[in-house]
K.L.:
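Below you will find the structure I want to go over with you.
Whatever order the structure lists them in is the order used to number ligands and atoms, beginning at 1.
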Amino acid sequence: MQLTLATTRAAEIETAAFAVLCFSDEAPGPGLAAGLVQELHTRGEFTGKALETAVVHRPAGMQAQRLLLIGCGEKAKFDASAMRRAGGVLVRALKPKGITSAAIRLKGNTLSPEMLSALAEGAILGDYEPDRYKTEKKNGSKPFESLTISIPAESAEMAEALRRGRTVAEAQNYTRTLVNEPGNLLTPLKMAAHARSLAEECGLQCEILDEPRMRQLGFGTLLGVSMGSAEPPVMIVLKYTPAAPPASSDHLALIGKGVTFDTGGISIKPADGMEKMKYDMAGAAAVLGAMRAIAELKPAIPVTAFAPCVENMPGHKAQRPGDIVTSYQGKTVEVLNTDAEGRLILADALTYAARQGCTHLVNAATLTGAIAVALGYVYAGVFSNNEDLQQRLLAASRAAGERMWPLPMDEDYKDLLKSAFADVANIGGRWGGSISAAKFLEEFVEGKPWVHLDIAGTAWLEEAKPFLAKGPTGLPVRTFVRLATDWPASL
Ligand code: BES
Ligand code: ZN
Ligand code: ZN
């Protein structure tokens, strides 16, 4: 999508559709189409409540062919998240009508670099359609061509805000494309191939640890999971190094669970809904997407991504409940349930990241169904062993408009993971399942400041929204990028 800044006055913009942001509690001013909006309002056809739209043809006194009114709710509550949604609504309201270009003017409370980034993000995210494998595309699936954003005066700051929004949203859509790939087509080896081309395109260093290498290193918990599959596992390592020598020794690790398909293994999942387990690599896809944006936005600190990728299958060599495996760190794990595989592959990845010299570890994983019981599909769960890093992560999530909520990590929860025969068990029982999973991961971070994001409830959208297609959301790409780019120069 072409996104262009202009300073043209609203009435003069020649466009197929001129979008107007309308608030529910503000009468349209004397300017543009005020009479029209007023009339729609009086007739109850358009009230300005959030996500509502209306189209008016041939608005008097304007060059635009039509007006698209976008409801934005109460004016005082209109923030960057609401702007992101409005951007998505703009694109998704027009595309089904075959309209793929539009213009909008930012003014008043909708005019700031942050708002501009959010608008660009929303439009690009709204444009994404998970229809790659439909040979007959539905009407309106053509990509949106251009959005002209008119502002009172151009500035380097606004141009940069636009670039940033575009970069981040395109990276997020890259992640969504990966997440939506079916398990037969996106195997661990394919993930590695994607990482390699990404590295080449963006100028990142890429290393792929293959099965023999991981065996040599002793990645016992990871390899145990992949035993049931004919697809070999990989550990993807992507490295970004800043051009200028960093001021501190901080080195951020982004780690993502990459189970390209999760059948549950021998502890097999019910058939109903199992098809969704292709998104069990959303964490890995998010770290790849984040690295893509990081390579472009060039934060001051080094960032390395680790994506352990496996397929969890009940093949004839599959690990059994009761098996005991030894992690890279040396701790033994009793595998009481082969469906709790994410934590097993992350255990080795976390230790590896810590031992590779990363000072701060942040991981994302579709780890537990229990997180959706706790927080629904709205908030991702945040777990940490370090208050300072957790606060920084939460600040990044707020700035990026991705909702995340901290959960407790008291030692009592660790007791749930007791094993009679090994150092630790891989499940902690039904209650507080997301927390015991997090406590399991904590065992392997080697005391490094660490945050775990459980995105099982938020990486996939069950029902389309007016601003976003059904399917992969691309969370938490924006938070990861923000965390890296906002990292304080020295602590
Ligand atoms: N990939 C699943 C978690 C999941 C569930 C992701 C639903 C997305 C939607 C994970 O590997 C898993 O199966 N976890 C088990 C853990 C249990 C066996 C302790 C779960 O949540 O049921
Ligand atoms: Zn599982
Ligand atoms: Zn899983």
K.L.:
Please report which non-hydrogen protein atom sits nearest to atom 7 (C) of ligand 1, along with the residue it belongs to and the distance in Å to one decimal place.
P.N.:
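Protein heavy atom at minimum distance: M277 CE, 3.7 Å.
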K.L.:
Around atom 15 (C) of ligand 1, find the nearest protein heavy atom and jot down its residue, atom name and distance.
P.N.:
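Result for atom 15 (C) of ligand 1: D339 O, 4.1 Å.
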K.L.:
Report the part of K276 in contact with ligand 1, treating N, CA, C, O as backbone and CB onward as side chain, heavy atoms under 4.0 Å; options are side chain, backbone, both, neither.
P.N.:
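For K276, there is no contact with ligand 1 at all, from either part.
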K.L.:
Which pairs pass side-chain hydrogen bond (donor to acceptor under 3.5 Å, both in side chains) with one or both residues in residues 179-196, sequence neighbours excluded?
P.N.:
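Passing the test, one end in residues 179-196: R132-E181, Y133-E181, N180-K278.
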K.L.:
Considering only protein heavy atoms, which is closest to atom 19 (C) of ligand 1, and at what distance to one decimal place?
P.N.:
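Protein heavy atom with the smallest distance to atom 19 (C) of ligand 1: I427 CG2, 3.4 Å.
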K.L.:
Any non-hydrogen side-chain atom of S436 less than 4.5 Å from a side-chain atom of L417?
P.N.:
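Yes, side chains in contact.
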K.L.:
Mind checking whether L367 contacts ligand 1 via backbone (N, CA, C, O), side chain (CB onward), both or neither, at a 4.0 Å heavy-atom cut-off?
P.N.:
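Within the 4.0 Å criterion, L367 contacts ligand 1 through backbone atoms alone.
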K.L.:
Any side-chain hydrogen bond (donor to acceptor under 3.5 Å, both in side chains) involving residues 114-127? Give me the pairs, sequence neighbours left out, ordered by first then second residue.
P.N.:
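For residues 114-127, and leaving out neighbouring residues, the side-chain hydrogen bond (donor to acceptor under 3.5 Å, both in side chains) pairs sorted by first residue read R84-E121, K95-D127.
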K.L.:
Output yes when a side-chain donor or acceptor of R343 lies under 3.5 Å from a complementary backbone atom of F440, and no otherwise.
P.N.:
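Not at all, since once roles are kept as given, no pair shorter than 3.5 Å links the two residues.
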K.L.:
Would you check, one step at a time, whether the test side-chain hydrogen bond (donor to acceptor under 3.5 Å, both in side chains) holds for T221 with D348?
P.N.:
CA-CA 7 Å; T221 51; D348 283 343; 2.9 Å; yes
K.L.:
Out of curiosity, is W460 lining ligand 1, as in a heavy atom under 4.0 Å away?
P.N.:
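The answer is no, since W460 has no heavy atom less than 4.0 Å from ligand 1.
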K.L.:
Without swapping roles, check the side chain of D410 against the backbone of D412 for a donor-acceptor pair under 3.5 Å.
P.N.:
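Between the backbone of D412 and the side chain of D410 there is no qualifying donor-acceptor contact (under 3.5 Å).
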K.L.:
Which of the numbered atoms in ligand 1 are under 4.0 angstrom from any heavy atom belonging to K269?
P.N.:
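Answer, ordered by atom number: 2 (C), 12 (C), 13 (O).
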K.L.:
Considering only protein heavy atoms, which is closest to atom 8 (C) of ligand 1, and at what distance to one decimal place?
P.N.:
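Scanning the protein heavy atoms, the shortest distance from atom 8 (C) of ligand 1 goes to Y279 OH, 3.1 Å.
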K.L.:
Within the side chain of E402, is there an N or O that forms a donor-acceptor pair under 3.5 Å with the backbone of T479?
P.N.:
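The answer is yes, because a donor-acceptor pair under 3.5 Å joins these two groups.
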K.L.:
Is there a donor-acceptor contact under 3.5 Å from the side chain of K137 to the main chain of D131?
P.N.:
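Yes: the side chain of K137 pairs with the backbone of D131.
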K.L.:
Donor-acceptor check, side chain of Y279 to backbone of A456, threshold 3.5 angstrom: yes or no?
P.N.:
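Checked: pair present.
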K.L.:
Applying a 4.0 Å heavy-atom criterion (strictly less than), which segment of R430 is in contact with ligand 1: side chain, backbone, both, or neither?
P.N.:
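Near ligand 1, R430 shows nothing, with every heavy atom at 4.0 Å or more.
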K.L.:
List every atom of ligand 1 that sits less than 4.0 Å from any heavy atom of K257, numbering the atoms from 1 in the order shown and giving each element.
P.N.:
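Answer, ordered by atom number: 1 (N), 10 (C), 11 (O).
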K.L.:
Can a donor-acceptor pair be found between the side chains of S267 and T338 at a distance below 3.5 Å?
P.N.:
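The criterion, which ignores hydrogens and geometry beyond distance, is satisfied for T338 and S267.
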K.L.:
Residue-level breakdown please: for M281 versus ligand 1, do any non-hydrogen atoms fall below 4.0 Å on the side chain, on the backbone, on both, or on neither?
P.N.:
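Neither part.
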K.L.:
Has ligand 1 got any nitrogen or oxygen that is less than 3.5 angstrom from a nitrogen or oxygen of N337?
P.N.:
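No, there is no polar N/O contact under 3.5 Å.
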K.L.:
Let me know which of E207, H251, K239, Q205 forms a side-chain hydrogen bond (donor to acceptor under 3.5 Å, both in side chains) with T304.
P.N.:
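The side-chain hydrogen bond (donor to acceptor under 3.5 Å, both in side chains) with T304 is passed solely by H251 among E207, H251, K239, Q205.
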K.L.:
Pick whichever of G457, A365, A456 has a heavy atom sitting closest to atom 6 (C) of ligand 1.
P.N.:
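The nearest heavy atom belongs to A456.
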K.L.:
What are the two closest non-hydrogen atoms of G258 and A284, and how far apart are they?
P.N.:
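So the minimum-distance heavy-atom pair works out to CA-CB, 3.5 Å.
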K.L.:
Starting from atom 2 (C) of ligand 1, find the nearest protein heavy-atom neighbour and note its residue, name and distance.
P.N.:
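Sorting protein heavy atoms by distance from atom 2 (C) of ligand 1 puts D262 OD2, 3.6 Å first.
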K.L.:
Is atom 21 (O) of ligand 1 near the protein, in the sense that some protein heavy atom lies at less than 4.0 Å from it?
P.N.:
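True for atom 21 (O) of ligand 1.
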K.L.:
What atoms in ligand 1 come closer than 4.0 Å to a heavy atom of T366?
P.N.:
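Going through ligand 1 atom by atom, the ones under 4.0 Å from T366 are 1 (N), 2 (C), 3 (C), 6 (C).
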K.L.:
Considering only heavy atoms of E341, which atoms of ligand 1 have at least one such atom less than 4.0 Å away?
P.N.:
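Numbered from 1, ligand 1 contributes 11 (O).
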K.L.:
At distances under 2.8 Å, what protein N, O or S atoms surround the Zn ion (ligand 3)?
P.N.:
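Correct list: K257 NZ, D262 OD2, D280 OD2, E341 OE2.
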K.L.:
Strictly distance-based, threshold 3.5 Å: is any side-chain N or O of T473 a donor or acceptor partner for the main-chain N or O of T458?
P.N.:
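Yes; at least one donor-acceptor contact below 3.5 Å.
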K.L.:
Will you find, in the side chains of E296 and T167, an N or O donor that is under 3.5 Å from an N or O acceptor?
P.N.:
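Yes, because at least one side-chain N or O of E296 sits under 3.5 Å from a partner of the opposite role on T167.
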K.L.:
For residues 363-384, pull every pair meeting side-chain hydrogen bond (donor to acceptor under 3.5 Å, both in side chains), keeping only residues two or more places apart or in separate chains.
P.N.:
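Of all non-adjacent pairs touching residues 363-384, those that pass side-chain hydrogen bond (donor to acceptor under 3.5 Å, both in side chains) are D280-T366, N363-W450, N363-H452, T368-S434, T368-D454.
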K.L.:
Identify the protein heavy atom lying closest to atom 16 (C) of ligand 1, giving its residue, its atom name and the separation to 0.1 Å.
P.N.:
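Result for atom 16 (C) of ligand 1: R343 NH2, 3.7 Å.
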